[in-house]
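One structure is given below, encoded as structure tokens.
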Number of protein chains: 2
Amino acid sequence: MKARKLLMIPGPIEFEPEVIQAMAIPTTSHVAPDFVESFGHALDMMKEVWLSPSGQPFVVAGSGTLAMDMAAANLVEPGDRVLVISTGYFGERYANLLARYTDQVDVLRASRGEQVSPEQIEAYLKEKDYKLMTFTHVDTSTAVLMDPRPIGELGKKYGVLTVLDGVCSVAGEEMKQDEWGIDVAFTASQKAIGVPPGLALLMASPRAMDVWKNRIKPVANYYADWENWLPIMEAYANRKPAYFGTPAVNLILALETSLRIILEEGMDQRFNRHRKIGRAFRAAMKAAGLDMIPASEDSAANTLSAPFYPEGIAAGDFLAAASAEGVILAGGLLADIKPRYFRVGHMGATTRNDLLATVGAIESALQKNGYDLKPGACLQSAQQAYDAS
Amino acid sequence: MKARKLLMIPGPIEFEPEVIQAMAIPTTSHVAPDFVESFGHALDMMKEVWLSPSGQPFVVAGSGTLAMDMAAANLVEPGDRVLVISTGYFGERYANLLARYTDQVDVLRASRGEQVSPEQIEAYLKEKDYKLMTFTHVDTSTAVLMDPRPIGELGKKYGVLTVLDGVCSVAGEEMKQDEWGIDVAFTASQKAIGVPPGLALLMASPRAMDVWKNRIKPVANYYADWENWLPIMEAYANRKPAYFGTPAVNLILALETSLRIILEEGMDQRFNRHRKIGRAFRAAMKAAGLDMIPASEDSAANTLSAPFYPEGIAAGDFLAAASAEGVILAGGLLADIKPRYFRVGHMGATTRNDLLATVGAIESALQKNGYDLKPGACLQSAQQAYDAS
């Protein structure tokens with residue numbers, strides 16, 4: 001029997017075997033011609049995955065929080081007014097983070113599990129003169145999906161930079177950075193982009209780069225400063241070696257591999273696959289009678305889901321039972337309801353097989369914890385919804 | 001014939017095969033019990049490698065520059081007076097970096113290839129009231145080795161925090177953090193610690209942690225802030241899962257593997273091996289009639305060397321010839337003399353075999369570029385010096 005369990009958490013996710021193999025290529029020099037070609041190729045492909053031919057890509061060793069920090073530290077100066085549109089834990093984190101760089105941070109909070117409407121956002125933009133607004137495309141704590149299109153439009157209309165936190169969305173949820181007028185979109189490697197954790201990935205629009213170039217004060221955060229990294233990214237894109245900090249060679253070879261696989265699938269095809277899997281997973285949870293954050297199908301992300309436990313089921317017992325069935329799931333993240341819900345990542349390389357295995361493990365874990373459930377009902381719903389969509 | 005070339009640059013270096021294999025272990029959850037155990041074990045072992053039973057370890061995804069930034073951003077507040085002891089490129093970088101956090105940065109510069117003496121340092125400490133001083137244990141641009149002992153003593157005598165940039169030294173050059181009174185010592189994974197690039201590794205003394213706890217202003221750099229990372233490091237050290245940013249799971253498994261191999265060798269044994277290899281490499285270059293930075297044996301690092309080319313040899317031709325012989329070497333890094341010297345990393349897993357192969361490739365590359373050299377003279381000197389020491 002295969003000992004390895006399926007990793008269905010919202011990152012790190014299941015990775016393509018080829019990507020994992022690339023991690024173990026004996027490390028070469030960061031200025032060796034073959035590595036320069038791989039890094040340059042990865043930067044080129046990022047622009048295709050972000051659908052941002054005009055964008056400036058950045059790849060820096062760090063976690064997703066470094067990507068958040070890069071956008072904030074480079075674009076926000078003391079006294080700048082910024083708006084955080086918060087749909088969960090990571091919106092709150094962004095507000096905390098931005099407060100390091102300016103004391104003018106407003107937070108527009110959604111009710112739990114709900115989206116913030118474009119009208120609510122416009123009301124804020126009408127009232128005050130913001131330099132920048134951030135929103136979380138998919139908040140990993142709530143599985144709330146925000147539609148970036150109207151936010152990009154509002155950003156253009158009011159002259160506000162739009163920053164999309166795409167840590168749980170890029171390469172999973174539909175996102176067309178240039179067409180939709182998004183100024184910065186970033187992610188972390190271990191999410192739908194399909195590379196083990198350790199890289200912050202960011203794409204900045206020409207408008208964002210202009211705002212950065214016209215800063216008055218130096219960037220307060222040295223490691224995140226684009227002044228250090230821009231010449232490096234430009235050099236590698238032009239297939240020339242350059243040095244500021246040693247790039248994470250093995251992770252970048254894995255990134256090149258994963259981006260190639262993503263583009264072979266095709267972006268529209270990939271967004272559709274995520275929609276199908278998301279829809280099928282939610283149908284299964286509905287068949288099991290579980291409530292979800294968000295309650296509405298229209299607000300639900302396709303990269304992860306956040307179901308509530310039925311009454312009387314303890315988080316630890318449920319997660320242990322799912323793990324015993326061979327599927328690792330994640331607990332809750334929102335502090336006030338942490339023990340009441342769980343999270344399932346279904347992004348990146350996730351297949352129909354993985355989906356069915358996961359639904360099967362959840363079904364069994366519920367039953368073993370005394371929850372009355374018609375055997376196979378969830379699996380059947382998942383399969384039907386997947387095949388119908 | 002084996003196609004892979006020997007990677008003898010000052011990082012990334014040659015890694016142990018077991019470490020490379022750990023990179024390709026299918027990624028698990030960052031809160032899975034086996035990963036929690038591995039991360040905790042790595043933190044424990046760091047204290048042994050740093051010889052710092054009292055230290056607080058930090059492991060964060062990033063390059064060595066992030067480690068520099070962590071020490072600076074957490075310990076320096078606006079207006080604090082700091083002293084940078086510079087023996088090359090990375091001293092200058094530290095001065096630039098520190099200027100983000102305070103406008104009171106003094107730089108005490110060595111002449112190229114020379115050390116800064118304790119007397120010179122003490123003269124500065126007598127004159128002004130510094131909060132912190134930094135020095136580069138081995139500067140990767142010059143191969144100058146500084147003795148940390150008198151600096152640690154001066155730090156204690158004058159109540160100044162001592163920050164050791166050990167990017168090119170930790171786990172290679174002798175360093176006993178607690179005994180020598182060093183407050184912060186950091187490195188990057190791809191150097192003598194023997195792990196592919198992508199991790200910043202830092203150890204802070206109780207005195208450094210106290211200074212950080214008593215800060216007046218928040219840390220200006222969010223990603224580097226110990227407030228975010230300390231609870232995570234404490235949790236993993238206590239074998240409990242915790243979350244701030246997703247750790248670089250595969251790199252941390254590789255770190256655990258490498259630290260285990262390092263401790264199996266034993267620290268004194270390892271420091272001695274580096275001394276032997278450094279001495280033997282310098283003997284070989286002397287036999288070839290090459291000048292070196294530094295000129296004096298007493299100032300020379302054991303983790304890398306920086307020989308000048310003989311008159312009339314072009315950097316590109318020489319490096320290409322060495323590569324054709326199967327050994328990758330690094331060019332110069334100091335802007336003003338970049339084409340006049342090369343750099344050879346001989347740290348971490350480097351063996352006597354690697355040493356001889358490298359010396360042989362240099363000998364051939366010199367000869368192929370028209371340099372008159374008695375065949376085998378360098379190899380013989382390397383071998384004799386290695387076996388004698």
Side-chain angles (χ1 to χ4, degrees), chain A residues 4-5 7 9 11-15 17 20-32 60-66 68-70 72-73 96-101 188 190 196-200 218-225 228 243-251 328 330-331 333, chain B residues 4-5 7 9 11-15 17 20-32 60-66 68-70 72-73 96-101 188 190 196-200 218-225 228 243-251 328 330-331 333:
Chain A
R4 185 164 181 275
K5 295 176 185 184
L7 187 58
I9 67 174
I13 62 166
E14 286 288 307
F15 300 121
I20 289 291
Q21 282 159 26
M23 292 290 287
I25 296 171
T27 313
T28 183
S29 165
H30 51 294
V31 295
V60 178
S63 77
T65 300
L66 176 68
M68 298 174 80
D69 209 0
M70 270 206 160
N96 276 335
L97 190 163
L98 282 158
R100 298 293 168 105
Y101 305 112
Q190 75 278 10
L199 292 179
V219 172
N221 174 328
Y222 184 83
Y223 185 63
D225 189 351
N228 293 323
Y243 170 70
F244 169 66
T246 304
V249 171
N250 300 58
L251 284 168
I328 301 176
L333 187 55
Chain B
R4 183 163 183 276
K5 295 176 182 182
L7 187 60
I9 66 175
I13 62 166
E14 288 288 307
F15 299 121
I20 289 291
Q21 282 160 26
M23 291 291 286
I25 296 171
T27 314
T28 184
S29 166
H30 51 295
V31 294
V60 178
S63 77
T65 301
L66 176 68
M68 297 174 80
D69 209 359
M70 269 206 160
N96 278 333
L97 191 163
L98 283 158
R100 299 293 167 103
Y101 306 111
Q190 77 277 10
L199 292 180
V219 172
N221 175 329
Y222 185 82
Y223 185 64
D225 188 351
N228 294 322
Y243 170 71
F244 169 66
T246 305
V249 171
N250 300 58
L251 284 167
I328 301 176
L333 187 56

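Values below: every heavy atom of this structure, side chains too, minus hydrogens, waters and symmetry copies.
The distance from the CG atom of N96(A) to the OH atom of Y222(B) is 5.5 Å, given to the nearest 0.5 Å. Atom NE2 of H30(B) is separated from atom OG1 of T246(B) by 4.5 Å, given to the nearest 0.5 angstrom.
Contacts of L97(A) with chain B are made by both backbone and side-chain atoms, with heavy-atom separations under 4.5 Å. Both the backbone and the side chain of L66(B) come within less than 4.5 Å of a heavy atom in chain A. Contact of V219(A) with chain B is made through backbone and side chain together, with heavy-atom distances under 4.5 Å. Looking at P17(A), there are no atoms closer than 4.5 Å to chain B (heavy atoms on both sides), in backbone or side chain.
Applying the side-chain hydrogen bond (donor to acceptor under 3.5 Å, both in side chains) criterion to N228(B), with sequence neighbours excluded, gives no partner residue. Legend: residues meeting side chain to side chain contact (heavy atoms under 4.5 Å, CB included) with T27(B), ordered by chain and number and at least two apart, are P12(A), F15(A), I20(A), P196(A), P197(A), V249(B), N250(B).
Each of V60(A), D225(A), L333(A), I328(A) has some count of heavy-atom pairs under 4.5 Å with chain B, and the biggest count is that of D225(A). With chain B as the partner, the residue from P247(A), G62(A), G245(A) showing the most heavy-atom pairs under 4.5 Å is G62(A). Per-residue counts of heavy-atom pairs under 4.5 Å with chain A were compared for P26(B), P218(B), A32(B); the largest is that of P26(B). Each of G331(B), A61(B), G198(B) has some count of heavy-atom pairs under 4.5 Å with chain A, and the biggest count is that of A61(B).
Contact check for Y101(B) versus N221(B): side-chain heavy atoms found under the 4.5 Å cut-off.
Shown here for L98(B) and A72(B), the closest heavy-atom pair between the two residues is CD2-CB, 3.6 Å.
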